[in-house]
Chemist: 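Got a structure here, written out as structure tokens. Questions coming.
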Amino acid sequence: MEPMRPVTGKKRKMKEESTDEVFLDDYLGSGSLLDGFDAIVREPDSMFSTHFASNLLEPLDMASEGSEITLSTFNMVGAQDVEMASSSPSGSSSSVPTPQRAALARSVNEYILSEDGEEANKKATHLVSIVGWVDEVEVGMKEIRAFLETSLHSADTVFLNDVMSRILQYLTDVKSHREWLECLYSDTLLAPLGIHKARQLRKDLRTREIQLNAWYNIIVMILKEEDCKSLYAELIIKNQPFPAIVAKGKLLESNPIVVQLVIACEIKIHAVSEVMVECVEMTPASSRSSSQTQPLLELESFYVPLNDLQRGGKILLKFCNGSRKNLYRVRFACKLDYSQNGVRSQTMITSPFSEPFIVITNECQWEESEGALMAEAFFFGIESNSLPWPTIANNIHHNFLRAIRQDQKSPVRWLCRHTLGYIHERFFSSQIMISRQMFEDYWKWFGKALHKLRYQRHVCSLWQSGFIQLAMSRNAVNNALMDKPPGVFMMRFSERNAGAIAISYKTSDPEPENAVRHYLMRAGDTAASKKTLPDFLAENEPLVFILQLLTSPSGTVSRRVYRKDDALEPYYSKRRQVKPSEGYDSRIVVSTNSQAASQVSGMIE
């Protein structure tokens, strides 16, 4: 155990990070809420406002926190002011805050891929309304926290019941929103922004649920006039970059792990140890490529000031060895020196496990590792070992954008509805439920294409520009080129040859069956950075025009033809040119005749 450190550090707000968390279990059904309080009468005109104003607002200076407490905000997010939707994704909230309404106005198609019209609008509207609800509830929770820290023991029973009823309503709303989000994710194809919002909301709702449960339990103990015998403290992973493939020696600072200590207000923390990190191998022994003998982490403990830890402290992990393509998870622990009910104690608290990850030492390990990681992240804990197609599609979409390093909220290009539909039909036989084995079979094709997009020079840029198609049948390619003049070509990933790029081009042959020909790129056609795909295309003079295909968020396909050199010139290798110098010929010209040739032949031994 590391030595205990005193509580130090200035109070400051932590910037919320994005997360890759998957769905978590519903804690509302875990029995943490005690029976007998569910029927508390919720009185709109309660004593809360009067008590709060007279006992808290005047003595409490919130300027250092950078926020202003207002009673209207707390009352605004109560049950009587928030119209809840049904647990079905078709439900919608009629009240959308102005900033969220403005964001929604730009395009419903930025949130929803699979539907058009009124149904998609309802889903997008309700998704945005939950974002606004989370922001508003955060203000209400700050006021509850301030009350619990200053006036908990001076408040009367009626007032405590009123506060607890607010907490119960928040918990009920959290459960309703989480159920709706889970239903949305499993039956609707979402656009990248919709996927990002849904995943971010799950994380936000989970964090608030833990804090609300801690507050609820402490108020119950006070109302029952019992001493709090249990320690209401949890260490949670608020944000994490996992599931992900991690490169050996790379510091995880762009999307760090954020660990948060959630405690009830009755507990006084005197000191906290360094946060310790434990790596646990999750790959079954029978499936391991080899055993890990060297430590993965460069550092196994981190000092995080208590103030930061309670708001969310960043843990910058760095892995000094590879995991030999085996799956790992991390969890965190720290020792608390605290007082509760006048009794001073020490205890160790441990976080849940993180999502899985694999540490690789070179890019050759990426394809196999990414496939194993995605299968584990998608199907972990699923008893039936199968998931609805929309869930698989949304997860594939999210991991695809992450793998090619695009912004999850506003990527340059993403998988359109047509592409996902083709993948569903071609590789999953349009099945409603997708098994783990079906996904692993699909990865044998998709993994090689994704590896080339991620690592081969210029391929991802050409895909983003619409000059390479990820999933497109040969028949669709023939139809796209049939009415084009000779010399027009396009590129796509081959269906039958995983990871290979096919060049389809229009010929001058009058026979329809020969009008469009297909060339499969060979290993020797390119040579890493010395000869790239654009360089190969530049050398093939019969390829004159390149066809660009792009799909808008609304599903409209645009087809444009460009001169090959105009479109690809920025990608051509810039070979060093030697400038002509005085006294030298600009080119080599040798004129020979038969007499000269005979003279030379006589000189050759």
Side-chain angles (χ1 to χ4, degrees), residues 16-24 89-90 92 100 103-104 106-116 119-132 134 177-206 239-244 255 355 370 373-375 377-380 382 387-421 423-424 428 434 439 442 446 450 453 464 470-471 551-555:
E16 291 193 3
E17 305 284 350
S18 61
T19 184
D20 285 339
E21 286 189 341
V22 297
F23 286 149
L24 299 168
S90 62
S92 64
Q100 282 71 38
L104 177 65
R106 55 186 177 181
S107 176
V108 171
N109 293 310
E110 293 187 21
Y111 295 92
I112 308 295
L113 276 183
S114 59
E115 298 167 12
D116 295 319
E119 191 68 19
N121 184 70
K122 286 181 179 180
K123 293 180 179 181
T125 300
H126 189 59
L127 181 63
V128 173
S129 74
I130 297 177
V131 176
V134 169
H177 289 321
R178 288 179 64 185
E179 289 175 349
W180 187 88
L181 287 168
E182 185 169 356
C183 190
L184 175 76
Y185 208 82
S186 64
D187 76 353
T188 304
L189 295 183
L190 300 174
L193 183 59
I195 295 173
H196 172 78
K197 291 292 185 185
R199 299 175 76 93
Q200 181 74 28
L201 284 169
R202 291 201 298 262
K203 181 265 297 184
D204 290 342
L205 293 172
R206 168 67 176 138
N239 180 71
Q240 58 180 305
F242 310 133
N255 185 19
E355 292 304 309
E370 179 75 2
L373 182 72
M374 290 175 68
F378 293 0
F379 295 96
F380 179 76
I382 306 298
L387 290 167
W389 162 245
T391 300
I392 293 292
N394 290 330
N395 286 335
I396 286 176
H397 205 166
H398 172 79
N399 284 275
F400 172 78
L401 295 176
R402 175 178 54 81
I404 61 174
R405 305 178 180 92
Q406 286 210 77
D407 184 353
Q408 296 281 351
K409 293 181 288 186
S410 55
V412 176
R413 188 186 182 190
W414 58 89
L415 303 182
C416 66
R417 182 170 53 192
H418 174 78
T419 298
L420 289 171
I423 289 173
H424 189 204
F428 297 101
I434 308 301
F439 172 78
Y442 162 71
F446 187 64
L450 196 52
L453 281 165
Q464 291 179 354
L470 176 63
T551 304
S552 69
S554 62

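Here the structure is a predicted model, which is why all the values come from computation and not from measurement. For the single chain, residues carry numbers from 1 onward in sequence order.
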Chemist: Would a 4.5 Å heavy-atom cut-off, applied to side chains only, mark L415 and L113 as touching?
Modeler: no
Chemist: On a heavy-atom basis, which atom in T125 and which in N121 lie closest, and how many Å separate them?
Modeler: OG1-O, 2.6 Å
Chemist: Find the distance between CG (L190) and CD1 (I195) and round it off to the nearest 0.5 Å.
Modeler: 5.5 Å
Chemist: With heavy-atom distances below 4.5 Å as the criterion, would you say the side chains of W180 and I130 are in contact?
Modeler: yes
Chemist: Applying the side-chain hydrogen bond (donor to acceptor under 3.5 Å, both in side chains) test to R402, which of Q408, H397, E370 qualifies?
Modeler: E370
Chemist: Could you tell me whether a side-chain N or O of S186 sits under 3.5 Å from a main-chain N or O of C183, the two making a donor and an acceptor?
Modeler: yes
Chemist: Can you see which heavy atom on T419 is nearest to which on A471, and at what distance?
Modeler: CG2-CB, 4.0 Å
Chemist: Rounded at 0.5 Å granularity, tell me how far CG in L189 sits from CZ in R417.
Modeler: 9.0 Å
Chemist: Measuring from atom CZ of R178 to atom CZ of R206, what distance do you get when rounded to the nearest 0.5 angstrom?
Modeler: 6.5 Å
Chemist: Quick test of your reading of the model: are E110 and K197 salt-bridged, counting only N-O distances below 4.0 Å?
Modeler: no
Chemist: Between H177 and L205, what is the shortest heavy-atom contact and its length?
Modeler: CB-CD1, 3.8 Å
Chemist: Can you check whether F378 reaches I396 side chain to side chain, under 4.5 Å on heavy atoms?
Modeler: yes
Chemist: Hey, what do you get for CG (N399) to CG (N394), rounding to the nearest 0.5 Å?
Modeler: 11.0 Å
Chemist: For a 4.5 angstrom cut-off between non-hydrogen side-chain atoms, does V128 reach Y111?
Modeler: yes
Chemist: Give the ring-plane orientation class for Y442 versus F446, where under 30° counts as parallel, over 60° as perpendicular and anything between as tilted.
Modeler: parallel
Chemist: Over all heavy atoms of both residues, which pair between L373 and P243 is shortest? Give the atoms and the distance, please.
Modeler: CD2-C, 3.8 Å
Chemist: So, taking the atom named CD1 in I423 and the one named CH2 in W389, what distance separates them when rounded to the nearest 0.5 Å?
Modeler: 6.0 Å
Chemist: Report yes if the side chains of K123 and T188 come closer than 4.5 Å at any heavy-atom pair, otherwise no.
Modeler: yes
Chemist: Quick check: do W414 and L420 have side-chain heavy atoms less than 4.5 Å from each other?
Modeler: no
Chemist: What is the distance from atom CG of L470 to atom CZ of F400, rounded to the nearest 0.5 Å?
Modeler: 5.5 Å
Chemist: For residues R199 and N395, determine if any side-chain heavy atom of one lies less than 4.5 Å from a side-chain heavy atom of the other.
Modeler: yes
Chemist: Hey, does the side chain of Q240 reach the backbone of E355 with a donor-acceptor pair shorter than 3.5 angstrom?
Modeler: yes
